[in-house]
Amino acid sequence: MKQELFGLTLTQLQNIVSELGLPKFTARQISDWLYKKDITSIDEMSNLSKKARQQLNENYIVGLQAPETVQTSKDGTKKYLFNVGELGAIESAYIPETKRKTLCVSSQVGCKMRCLFCMTGRQGLKSSLTAGEIVNQIRSLPEWHQITNIVYMGMGEPFDNLEAVMQSLQILTSDWGMGFSKRKITVSTIGIVPAMKHFLENSECHLAVSLHTPFESERKMLMPVSHVHTIEDIITEIKKHELGRQRRVSFEYIVFDGINDTHKHVNKLAQILNGINCRINLIRFHAIPKTPLKGTNEARLQKFKEALNMKGITTTIRASRGQDIDAACGLLSTKQK
Ligand code: SF4
């Protein structure tokens, strides 16, 4: 079976060209074709010698994969579905706004973390994506030249697939790769502390932590991961890192009616986040089948936001996008319609 070139780093490409006895600069030419231009085959790499293309064709393919289906929301959000082998499918959400065009990518097929409020978690983990499969979600879209921001907030827990996620970030942000600014990429986690530490030390992209409550007992109920990685562990780790003015840490907070939307929560959030230069993104809960959870009403949501802002924590409410096509937060699941 031929090996895919898409998803390899410059160093890995250099190893391949060296094994084939090709000039070293060929690796950079290949990476430019893979990550900057609209080609799908080795034969289209027109500045490579005929011999180089022949040699590459013997054992390699480009390996891009177009999406299988697309659904378009009335608000313009698009949900793309990609097949990934026999193990299933993943979804990516393209969210166009006036200036910003954001792509929300998946990092795993399903997820093993079983957060109470999430459809993906109900599937269990089927497999983790390769770096190529992660970056393919960007590169294979018709809109890929327009994408300005990337968020790792689709299916899966990125830090449960750390190596591939780090490699995908390298491809996205390197000058030999797609050349995205590190300040335009956010990786979201439920707080797997050792992997988060590695990410904070080895990447300059933004971090988003799904917190959802400042109280441990409630978080254990909402997110089983809290039995292993506590809120205190997460906050302590983040405080160890000097993040600079440009790098952002945000806390994601789905607001549930009567569970995590009280004054007690505002005060506790202010206490535990004290000393961290961060912001909170409040997210409306999109009900999933057979859940006892309910979203807070709009008036209460606004009050909660204002109370947090009054405490000095920059807090915003995230706009819900693509709800009619199940592309909104927590709804990605590749379920059959
Ligand atoms: S919220 Fe994220 S980590 Fe939790 S089950 Fe869903 S995909 Fe997994």
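Please read these numbers as outputs of a predicted model, since none were measured by experiment. Each ligand, and each atom within it, is numbered from 1 in the order the structure gives.
Using a 4.5 Å heavy-atom threshold, the side chains of Asp160 and Lys112 count as touching.
Legend: residues meeting salt bridge (charged side-chain N to carboxylate O under 4.0 Å, His left out) with Glu4, ordered by chain and number and at least two apart, are absent.
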Exercise for review: Could you go through the ring-ring contact (aromatic ring centres under 6.0 Å, His included) check for Phe117 and His212 one step at a time?
Suggested key: CA-CA 11 Å; Phe117 44 82; His212 307 316; 4.8 Å; yes
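For atom 8 (Fe) of ligand 1, protein N/O/S neighbours under 2.8 Å (waters excluded) are Cys111 SG.
Checked by atom type, the side-chain pair Asn281/Thr316 shows a donor-acceptor distance below 3.5 Å.
In the hydrophobic cluster analysis, where Ile, Leu, Val, Met, Phe, Trp and Tyr join through side-chain heavy atoms closer than 4.5 angstrom, Tyr60 is grouped together with Val135.
Lys264 forms a cation-pi arrangement with Phe215, by the criterion of a distance under 6.0 Å to the ring centre and an angle within 45° of the ring axis.
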